[in-house]
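Atoms within a ligand are numbered from 1 in the order they appear, just like the ligands themselves. One is the number of the first residue; the rest follow in order along the sequence.
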Amino acid sequence: MNILGIETSCDETGVAVVNDRREVLAHLVFSQIKDHQQFGGVVPEIAARAHLDHLDPLIRDTLKEAGLTFSDLDGVAATCGPGLIGGVMVGMMAGKAIAYAAGKPFLAVNHLEAHALTPRLTHDIPFPYIVLLVSGGHTQILVAEKVGHYHLWASTRDDAVGECFDKTAKMMGLPYPGGPNLEKLATRCSDLAKAKTRFPFSIPMQHNKEMVFSFSGLKTAVKNEIDKLQNSDDLPDLAASFQSVIAQTLALRAGQAMEKFKNLYPHHNHPHLIVCGGVAANVSIRTALEMEARHHQFTLAAPPLEYCTDNGAMIAWAGVELLKAGRTASLATKARPRWPLEELKETIYE
Ligand code: KG4
Ligand code: ZN
């Protein structure tokens, strides 16, 4: 089963072909970073136009690399939400047009579900499992029961963690995209313990027993430190301390989720914690989660970095899973700027 996947919901144009043997036959991503850099963030209108310019050649090159034509496909998957609606429409309409012209099923992929299913492409992971989704738009802990069935255990009251990285990086004068640049800056900190003493940030809502995230207070605390800063030589220490408290926060809530999971599924003998979304590319965060997972006798699985940030392979794989589950979509499917994972149960694909 060969599925073409198209991703256009943010600032990466991604196209891939993946089969049901978990092989990525071709996978190309065009990053629009340069188009948005001068504005310090993603400009939706520019993103939509750039997808329009780059998508067709990317589809052609992907198929060429996979050595396939449209007739070799078993389905066409495209992100139909959530995301920046102009971009989503570009990819969705291209996907529908190919599906219609080639007479193949269309698979309407929820971008969040694609992130949550990606570890099943890269690792052989059985349901149910815990998903920590950390991206520019989302910070969620979910339990994936099966395709289309997710329970939301935790989300953020304000900023998403990637957004917090991006805004903090901007305040530090780092170029867009903030997250990876802040991580790079933090590597220049030579003594983390000292950095944390100099810039002591506390875990947001540490003593709140609820599984909930909040990052706006931390962002303000960092801003206060930046305002007081005399010397830009201190920025690596500030970045390292900030990154460290984020890693601790995610590990704390993931730990609570693993305990809850063990109580709910006491007979699950090989439980997994999955971390996905763009922020999962951060090495300090992965390391903190790895330790926390080991402490709770869970296995941490994180997709390789190229599949953590937005890409077409995750959409194609979600398409494989949807097609196997019989969840094909009609060509009348609408693009959805907002599409919470919990609503998937009720999503009617016909
Ligand atoms: O999943 P993603 O590619 O796009 C969506 O938001 O759907 O995630 C992008 C987010 C951005 O906020 C970016 O700054 C963050 O992931 N990010 C990182 C790193 N790489 C990407 N944050 C921290 N450390 C990184 N290495
Ligand atoms: Zn994403």
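Side-chain polar atoms of E7 and S9 form a donor-acceptor pair below 3.5 angstrom. A donor-acceptor pair shorter than 3.5 Å cannot be found between the side chains of Y150 and N110. Side-chain polar atoms of S214 and D158 form a donor-acceptor pair below 3.5 angstrom. For the 3.5 Å distance criterion, the side chains of H151 and E342 fail to qualify, holding no donor opposite an acceptor.
Ionic pairing of D20 and K324 is not present here: no N-O contact between side-chain nitrogen and carboxylate oxygen is shorter than 4.0 angstrom. The residues K196 and D237 are annotated as not salt-bridged, no charged nitrogen and carboxylate oxygen being separated by less than 4.0 angstrom. A salt bridge links E343 with R336: at least one charged nitrogen is closer than 4.0 Å to a carboxylate oxygen.
Taking the centre of each ring, H51 and F30 stay at or above the 6.0 Å mark.
Residue contacts with ligand 1, taken as heavy atom pairs separated by less than 4.0 Å, do not involve H138 at all. When heavy-atom distances to ligand 1 are checked against a 4.0 Å cut-off, P180 comes that close through both its backbone and its side chain.
The salt bridge (Lys or Arg N to Asp or Glu O under 4.0 Å) analysis of residues 23-36, with sequence neighbours excluded, yields the pairs R21-E23.
Proximity to T309 (heavy-atom distance under 4.0 Å) selects the following atoms of ligand 1: 3 (O). Each of the following atoms of ligand 1 lies closer than 4.0 Å to a heavy atom of G137: 6 (O).
Looking only at protein heavy atoms, the nearest one to atom 26 (N) of ligand 1 is E183 OE1, 2.7 Å. Looking at atom 15 (C) of ligand 1, its nearest protein heavy atom turns out to be V279 CG2, 3.8 Å. Here the heavy atom of the protein found nearest to atom 24 (N) of ligand 1 is N282 ND2, 3.1 Å.
Aromatic ring orientation, F261 versus F298: perpendicular (interplanar angle above 60°, classes split at 30° and 60°).
For the pairing with D234, the salt bridge (charged side-chain N to carboxylate O under 4.0 Å, His left out) check across K228, K194, R188, R198 returns one residue only, R198.
Across the listed options D166, D310, I246, D166 owns the non-hydrogen atom lying nearest to atom 12 (O) of ligand 1. Checking G179, C308, G136, G278 against atom 20 (N) of ligand 1, the nearest heavy atom belongs to G278.
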*Start with the C-alpha distance between W317 and E321, add both sets of side-chain angles, then the distance that settles side chain to side chain donor-acceptor pair (under 3.5 Å), and finish with yes or no.*
CA-CA 6 Å; W317 176 252; E321 298 255 32; 3.0 Å; yes
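A heavy-atom separation below 4.0 Å is not found between P177 and ligand 1. Contact between H111 and ligand 1 is present, with at least one heavy atom of the residue lying under 4.0 Å from the ligand. Using a 4.0 Å cutoff on heavy atoms, H115 counts as a contact of ligand 1. Taking 4.0 Å as the cut-off, C10 does not count as a neighbour of ligand 1 on heavy-atom distance.
Annotation for L192 and S244: closest pair CD1-CB, 4.2 Å, computed over non-hydrogen atoms.
For the Zn ion (ligand 2), protein N/O/S neighbours under 2.8 Å (waters excluded) are H111 NE2, H115 NE2, D310 OD1.
Taking only nitrogen or oxygen atoms, main chain and side chain alike, G162 reaches within less than 3.5 Å of ligand 1.
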